[in-house]
Amino acid sequence: MNSTSTVRPFRRFVPALLLLAAAISPPASAQAVPKTIRIIVAYPAGGVGDVIARALGEHLAQQLDSTVVVENRAGASGTIGMDAVAKAAPDGATLGFSAVSPLVLNPHIAKSPFDPLKDIAPVASVMYSPVLLLATSATGTRDFSTLLDDARARPGDVRWATSGQASLGHIVLEQVRAATKVNITHIPYKGGGQQLNDAVGGQFEILSTNAGPAVSAQIRAGKLRPLAVGAPKRLEGLPKVPTLAELNIPAANVTSLFGVFAPAGTSPILVNKYNLEINKVLSNPAFRARLVATDNVPTGGSADQFADAIATEYESNARIVKAAGIKAD
């Protein structure tokens, strides 16, 4: 979801913090990395977000000589976890790990319990998780064009499952519908676990889901067949699978950007320290290999760059949700 805009609320927020910090000169105690750090993961245990957050926490614990505790706060498509981050004390002892969706997508669907523009400080981008478009055993579809032919021949009979109403997978479906004018039935689940189980069981024809260890295992086993991927370029692990941009549907070519966040008001010096340490983890070959093995792509960069990416997606999603008429359940 790349677009150009002059309105960048997150981007304005980070420099404002830096100027404020310079003015009030927080005490040294507010700038020291806590000996115990809590990372709130906005998703259930065992999912790709949880797996990567725990691996990140292990590296940060070693680099910072701190104890890192990972806490899962799942629910409401990541909003519950990020609300906990927003309401935590801004002392550097609490971080969040999440996709940016609770900040840039969910608020356009339903009222958020926190202000995504003011209550969260972006720390560092960690990875983007491609959106995979997969065929199940319920269909003989082998490529994207065949999927469209099938949907045109049998209007409404092709079922496309996502992890939920207004999820990123649903956004992909709506963009495909808009671009191709095909009649495909949306099957929204409440999360990815049952969706994946039913996909393997052939309960529907197509699903869109984020890359992750469990999904990769089913692809390798031949239970799911990749038709397309939402990503800036083809994935190392799936080099024969085209991006949706290559298939002439660039608006559907979206990814889930994941990163680390802090409560607003956290010392900019600490935010910068965490950013540097996270980028150090991302340069570790073993950590990068762990991401690539599950078809996720390392990112990194400054807190300002992460804030820019969030601001751009916030504005882009507002337009997409309005155009598609997407509503919450």
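Everything quoted here is computed from the prediction, not taken from an experiment. We number each residue from 1, following the sequence as shown. Heavy-atom basis, side chains included; hydrogens, waters and symmetry copies ignored.
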(request) Using the ring pair (Phe, Tyr, Trp, His ring centres under 6.0 Å) rule, collect all pairs that involve residues 114-166, keeping only residues at least two apart or in two chains. (result) none
(request) Consider only side-chain heavy atoms of I, L, V, M, F, W and Y, link residues closer than 4.5 Å, and tell whether L56 and V292 are in one cluster. (result) no
(message) Tell me the closest heavy-atom pair linking N279 and G300, and the distance in Å.
(response) OD1-CA, 3.5 Å
(message) Once side chain to side chain contact (heavy atoms under 4.5 Å, CB included) is applied, do any residues pair with A74, and if so which ones, sequence neighbours excluded?
(response) P44
(message) Can you classify the ring geometry of H108 versus Y314 as parallel (below 30°), tilted (30 to 60°) or perpendicular (above 60°)?
(response) tilted
(request) Can you see which heavy atom on V158 is nearest to which on A151, and at what distance? (result) CG2-CA, 3.9 Å
(message) Assess, by modelled atom type and distance only, whether the side chains of T94 and R38 contain a donor and an acceptor separated by less than 3.5 Å.
(response) yes
(request) Quick one: which residue pairs count as a side chain to side chain donor-acceptor pair (under 3.5 Å) with a foot in residues 56-68, not counting sequence neighbours? (result) Q63-E277
(request) List in chain and number order the residues that pass side chain to side chain contact (heavy atoms under 4.5 Å, CB included) with N210, two or more places apart in sequence or in another chain; answer none if no residue qualifies. (result) S129, V131, S256
(request) Answer yes if the side chains of S77 and N106 hold a donor-acceptor pair under 3.5 Å, and no otherwise. (result) no
(message) So, using side chain to side chain contact (heavy atoms under 4.5 Å, CB included) as the criterion, who are the partners of R152 when residues are at least two apart?
(response) L148, D149, T180, V182
(request) Would you kindly confirm whether V126 and L64 end up in one hydrophobic cluster when ILVMFWY residues are joined by side chain heavy atoms under 4.5 Å apart? (result) yes
(request) Please list, chain by chain and in numerical order, all residues satisfying side chain to side chain contact (heavy atoms under 4.5 Å, CB included) with A138, sequence neighbours excluded. (result) T136, E205
(request) Report the C-alpha distance between D304 and S302 in whole Å, list the side-chain angles of each, state the deciding distance to 0.1 Å, and finish with yes or no for side chain to side chain donor-acceptor pair (under 3.5 Å). (result) CA-CA 5 Å; D304 281 1; S302 71; 5.4 Å; no
(request) Verify the neighbour count for atom NZ of K233: are there more than 12 heavy atoms of other residues, nucleotides or ligands below 6.0 Å? (result) no
(message) Using the rule side chain to side chain donor-acceptor pair (under 3.5 Å), only one of T299, D308, N275 pairs with S125; which is it?
(response) T299
(request) Decide whether N296 and T294 meet the rule of one side-chain donor and one side-chain acceptor closer than 3.5 Å. (result) yes
